[in-house]
Amino acid sequence: MSQEAYDHTAVESRWQEAWADASVYRTADDVDDPTYVLGMYPYPSGKLHMGHVRNYTITDAYARYRRMRGDDVLHPMGWDAFGLPAENAAKERDTNPRDWTFDCIDTMRGQMKSMGFGYDWDREITTCTPEYYEWNQWLFSRFSDAGLVERREAEVNWCPSCETVLADEQVEGDAELCWRCDTPVETRDLDQWFLKITEYADELLEAIDDLEGWPNSVRQMQRNWIGRQHGSEVDFRIEGHGSVRAFTTRLDTIHGATFFALAPDHPISEELAAEDDAVHEFVRHEADPDGDEPNGVETGLTATNPVTGEEIPVFVADFVLSDVGTGALMAVPAHDERDHAFATKKGVEIRPVIAPEPDDWDGETIPDAPDVSEAAFTDDGVLVDSGEYGGLDSETARERLTEEIEGAEESTQYQLRDWGISRQRYWGTPIPVVHCDDCGPVSVPDEDLPVELPEFINTTGNPLDAAEEWKATTCPDCGAAATRETDTMDTFVDSSWYFLRYVSPDLADAPFDLDRANDWMPVDQYVGGIEHAVMHLLYSRFFTKVLADEEGLDHREPFTNLLAQGMVQLDGEKMSKSKGNVVSPQRIVEEYGADTARLFMLQAAQPERDFDWSEEGVKSTHRFLARLSDLVEGYAAGDVATVGRDADRDTVDEYVADEVDAAVAIAGDEYDDLTFNVALREAQDLVRTLRSYREHAEPHPDVYERGLDVAVRLLAPVAPHLAEELWETLGRDGFVVEADWPSATADRETVERRRRLVANTREDVRDIVEVAGIEDPERIDVVVAPDWKYDALEIAIDSDADNLISELMQESHIRAQGDEAASYGQDLQAEREALSGTLSGDEEYAALRAAAWLIEREFDAPVVVERANDAPDDVARKAEPGRPAIDIAE
RNA sequence: GCGGGGGUGGCUGAGCCUGGCCAAAAGCGGCGGACUUAAGAUCCGCUCCUGUAGAGGUUCGAGGGUUCGAAUCCCUUCCCCCGCACCA
């Protein structure tokens, strides 16, 4: 047999063409409810990288597996084709974003095809085409109709280098750098378009609990991002400035409020800065919200505590953030760490008003106040020194105080902000609005959509601003001269509903076919990188909910199961161009073939874990495929000496047949769980078993051929080209991609017990041979326990009687064993709690006979497997269920 | 700080939810053997300690607990990674 690698290039291109010609990945519009398998569509940056390959290998393998299981499968692909890099690239290359993007798409589509990814390319979508972005505009108008669009001036993150607005999420790190170019981000006030995602904050938060197919980490990140907090708002009066509202989650601590603090950009701080030099100095120069130290300046004003009437000093402090709560807070240094630090620094009183609840608290006695001189006590407890509220527990006190303080009310705060979708860039969806001097901003009527992008103009600012002809239009309402909105949409708008477009990608009068979407959604299995845990996944959930409320979609969540795939690393480090440690998928495909790359990736680790790329591993995977190829081709070519097809099966044949069953039973479970690594190990082990079957025995053709056939099918989802080639070599009809998944006659528990029995018995023989120092065994007897012991074991497992022995003795055939039964009964009694089921005596006998050749081969001695009745008593006596007696003659 | 995930044999890493078949899968590395002129590849074993018949001992970050029985459940504690964070 040769160890030459098979010609992967020829094999792969041959089947890629055959699949395409036969449209095997096409999902017809009239299927009822296909299994929807989706990988996050890529930004067409130029070439596929290993992260893409891993992502799409996972979805492809799963899609193929589901298809073999008999499901209709929807497995589409598209392009997240708008975005800033295209503009930058166009400028660098003196071309335009459209041409550059489509070039990239062509390259990447070709790479995907060469990887053998089985997409329904008839459903391909490209977000930068008017046919797609028209529906972004249409949806914008629907959101607008539903009152979910707002235009307002907002302080935005502005990247001076990209000359664009960034979402909060696109600003990275404490240094606040642009996510694309690492330039420090500035702030600007601009009129911006917002989608009111906060209207859905409660549902987005609460529905996370039901997303049981999502990883906990992602669910938790979304909860944090939404950041809902229940508390109270309460008014403090500041002389000369009226009432100032503060939000607190700890209204129970209000008697301990010893100062009041305002954000540097709070309106009152601004007023004070105008008249007070110290405040001005602080607000304009000293305030450092990003620093670790809380800084502040005393204003000389006092605020009136609405409960106690006490006058407390007012500070302007940089640890107070204007976008948190109300931008003003009552500070309780005794019970808040940050307030404590500030009070210590400024010498403000620290007055404890909450004591830890005593262990034996009677619910009435007021405990002693805790010592808070060194650190705040931040837990809930019992109120002390709080007037009529003393002795209440924190929670009750909060409720009563909220009720009884004049003007106080319950309030819920969110960290989630409305989604600013305006971008001052060219390469995005034009926001479908016209600005009219008389009518203000007016939506472009649906019949005038899409508002298409004009030709690209190479300019430093926003090219749409420079497109004078395009900008000039008329007001849809009054017909007067008007100008177009020049902002484009954040590309996350595109990706918030693209999974719906695949359902009906060519539909001309709606974004998606509602009936079909209701049948086909949600996505059953979504796979992508963890970096989209918050933005893309949250926005998609938001869109889905709005479409459910406004457009009759029957689903409120887009993705049932989510897999966040791990990174492909090199020597423990993330691959990146800047580190120069990138492995090119292109090279791997050329050198080893797509099947090798796919198989290596999936068997290297569980899909959600990071793993190290290893050239050695790739080579070893490639050799495996070559061996498999040899094995199948050798058989097909008649090079394997087999027994006649009508020969009886001997024990080796039975063993191999059992192992084939075992592989099927285990691999199927593991594919279901997306633990490809385990499934593939099983398939690889099966190939190894078949090889040694060929080497050490004359295979039975039925058994051997079924083994090869099963191995090919188990590997088909991951190594589809070679599987297809070998499927044909075996003379099977049709495509393996359309073949049925193999079925097993044994369940997983049985095959695992069988394997364990065989493995334990083999180990025991080795132990004996070694420990007893047997040089050259002459004969090995393996004796399976008598049936009555299996019966006794079963009774013992089911029994809850105190006296097991008397229960056993009620069985006449056990009682008939006399002392032996009593002795075994005592053993069972002693291990009562630890007993577990085994195979039946007959099954054990069959399994051991089938495996006997392994022992024979290893020790070069005949092995006799027999039932207890046929063996000498002194040997048979030691046999127990799950543990045959072993007698070795020297 | 809060939240999430982890700490397992020389290394990587499964097992932990649903306690017992766990001295603990698999891979790598190492050792021995087969094949080969040789190397490579492949195949068969071994790889915590002790042991002349399948046994015993000590292990799963540390310490306690529950249980007939704990890598697995509970508590305390230390360390690592990820996300969020001067969030009122």
Side-chain angles (χ1 to χ4, degrees), chain A residues 1 3 174 215-225 227-229 231-233 246-251 253 257 261 263 288-295 317-321 323-332 335-339 341-342 378 413-415 530-531 533-534 572 603-606 608-612 614 616-617 619-620 623 626-627 675 677-678 681-682 684-685 688 691-692 695-696 752-753 755-757 759-774 830-838 854 857-858 878 881-888:
Chain A
M1 299 288 152
Q3 282 294 325
D174 291 339
N216 282 333
S217 56
V218 174
R219 295 161 82 187
Q220 196 57 41
M221 283 163 80
Q222 294 212 347
R223 287 192 190 102
N224 289 344
W225 192 259
R228 182 168 73 182
Q229 269 194 312
S232 306
E233 285 186 21
F247 173 77
T248 177
T249 55
R250 293 300 303 274
L251 194 58
T253 63
D288 175 18
D290 301 322
D292 291 334
E293 275 284 295
N295 302 305
D318 60 7
F319 69 85
V320 185
L321 307 177
D323 60 349
V324 175
T326 59
L329 61 85
M330 66 170 211
V332 185
H335 303 293
D336 180 282
E337 284 171 18
R338 189 202 45 235
D339 296 348
F342 189 82
T378 57
Q413 297 286 321
Y414 300 87
Q415 217 167 298
I530 189 75
E531 66 272 21
V534 175
Q603 55 127 63
Q606 286 184 18
E608 48 275 280
R609 307 189 85 96
D610 297 343
F611 81 96
D612 267 13
S614 141
E616 270 312 304
K619 285 183 179 154
S620 133
R623 286 195 300 266
R627 286 200 297 279
T675 39
N677 54 327
V678 182
R681 187 168 69 218
E682 207 52 51
Q684 291 184 302
D685 280 351
R688 190 186 340 195
R691 270 170 69 82
S692 70
E695 301 295 323
H696 296 276
E752 287 184 343
R753 279 181 179 168
R755 283 183 173 181
R756 199 147 48 215
L757 173 72
N760 287 346
T761 305
R762 292 178 71 189
E763 269 173 45
D764 284 345
V765 173
R766 276 176 216 131
D767 266 2
I768 294 168
V769 167
E770 192 192 316
V771 174
I774 298 168
E831 297 176 78
R832 205 68 195 272
E833 310 289 338
L835 299 174
S836 60
T838 62
L854 291 167
R857 191 185 61 183
E858 187 174 339
K878 287 194 282 185
R883 190 152 190 274
I886 296 167
D887 188 64
I888 302 175

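Chain letters run A, B, ... following the sequence lines, proteins first and then strands; every chain starts at 1. As the structure is a computational prediction, the values presented were derived from the model and not from experiment.
Between B:U42 and A:Arg691, no contact under 4.0 Å exists linking OP1 or OP2 to a side-chain N or O. For B:G54, the OP1/OP2 oxygens have no side-chain nitrogen or oxygen of A:Arg766 closer than 4.0 Å. Dashed line: the shortest gap from a side-chain N or O of A:Arg228 to OP1 or OP2 of B:C87 is not under 4.0 Å. OP1 or OP2 of B:U42 sits under 4.0 Å from a side-chain N or O of A:Arg627. Put simply, A:Asn216 has a side-chain N or O that comes within less than 4.0 Å of OP1 or OP2 on B:G5. The side chain of A:Arg681 places no N or O atom within less than 4.0 Å of a non-bridging phosphate oxygen (OP1 or OP2) of B:A25.
Here the shortest heavy-atom pairing between A:Val320 and A:Ala263 reads O-CB, 3.3 Å. Between A:Ile886 and A:Thr761 the shortest heavy-atom distance is CD1-O, 4.1 Å.
Side-chain atoms of A:Asp764 and base atoms of B:G54 include a donor and an acceptor less than 3.5 Å apart.
Whole-Å rounding puts the A:Glu763 CD to B:A24 P distance at 7 Å. Atom-to-atom, CZ of A:Arg756 to C1' of B:C21 comes out at 5 Å; the value is rounded to the nearest Å. One can place CG of A:Asn677 at 16 Å from P of B:A25, the figure rounded to the nearest angstrom. The CG-P distance, from A:Leu854 to B:G45, rounds to 8 Å in whole Å. Rounded to whole angstrom, the span from the CZ atom of A:Phe319 across to the P atom of B:C87 amounts to 9 Å. Taking atom CG of A:Asp339 as the reference point, atom P of B:C87 lies 9 Å away to the nearest angstrom. Between the C1' atom of B:C87 and the CZ atom of A:Arg338 lies a distance of 8 Å, rounded to the nearest Å. Counting to the nearest Å, the C1' atom of B:A25 and the CD atom of A:Gln603 are 15 Å from each other.
Within the nucleic acid shown, A:Ile530 has no heavy atom closer than 4.0 Å to any nucleic acid atom. No contact: A:Pro881 has no heavy atom under 4.0 Å from any strand. Looking at heavy-atom distances under 4.0 Å, A:Pro289 makes contact with a base. Using a 4.0 Å heavy-atom criterion, one finds that A:Ala261 contacts no nucleic acid atom at all. Among the protein residues, A:Arg688 comes within range of the sugar-phosphate backbone only, with heavy atoms under 4.0 Å from sugar or phosphate atoms but none that close to a base. Contacts of A:Asn224 with the nucleic acid, taken as non-hydrogen atoms under 4.0 Å apart, include base atoms. Using a 4.0 Å heavy-atom distance criterion, A:Asn295 is classed as making no nucleic acid contact. Residue contacts for A:Asp887: at a heavy-atom cut-off of 4.0 Å it reaches a base atom on one of the strands shown. Across all strands, A:Gln220 comes closer than 4.0 Å only to sugar-phosphate atoms, never to a base (heavy-atom distances). Looking at heavy-atom distances under 4.0 Å, A:Val320 makes contact with a base.
Figure legend. B:U42 is base-paired to B:A34; pairs are counted as Watson-Crick or G-U wobble with both atom distances under 3.5 Å. Pairing for B:A23 is absent, with no Watson-Crick or G-U wobble pair whose two atom distances lie under 3.5 Å. Base pairing analysis places B:G83 opposite B:C2; the two distances defining the Watson-Crick or G-U wobble pair are each below 3.5 Å.
Checked by atom type, the side-chain pair A:Arg219/A:Gln222 shows no donor-acceptor distance below 3.5 Å.
With P as the reference atom, B:G64 and B:U72 are 14 Å apart, rounded to whole Å. The gap from the P atom of B:C11 to that of B:U18 amounts to 31 Å, rounded to the nearest Å. B:A23 and B:G9 have their C1' atoms separated by 9 Å, with the value rounded to a whole Å. Rounded to whole Å, the P atom of B:G32 lies 41 Å from the corresponding atom of B:C73. On the P atoms, B:C75 is 15 Å away from B:U66, given to the nearest whole Å. B:A38 and B:A34 are spaced 16 Å apart, taking the C1' atom of each and rounding to whole Å.
Side chain of A:Arg756 to backbone of A:Gly882: no donor-acceptor contact under 3.5 angstrom is found. Looking only at distances, a side-chain donor or acceptor of A:Asp318 sits under 3.5 Å from a matching main-chain atom of A:Asn295. Not one N or O on the side chain of A:Thr675 forms a donor-acceptor pair closer than 3.5 Å with the backbone of A:Asn677.
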Between A:Arg681 and A:Gln684, does the side chain to side chain donor-acceptor pair (under 3.5 Å) criterion hold? Intermediate values first, please.
CA-CA 5 Å; A:Arg681 187 168 69 218; A:Gln684 291 184 302; over 6 Å; no

Working for side chain to side chain contact (heavy atoms under 4.5 Å, CB included), residues A:Asp764 and A:Arg883:
CA-CA 9 Å; A:Asp764 284 345; A:Arg883 190 152 190 274; 4.1 Å; yes

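Heavy-atom nearest nucleotides on RNA chain B were determined for A:Arg883 and for A:Thr326, and the one closer to the 5' end corresponds to A:Arg883. Across the interface with RNA chain B, nearest-nucleotide mapping of A:Ile768 and A:Arg753 shows A:Arg753 to be the residue nearer the 5′ end.
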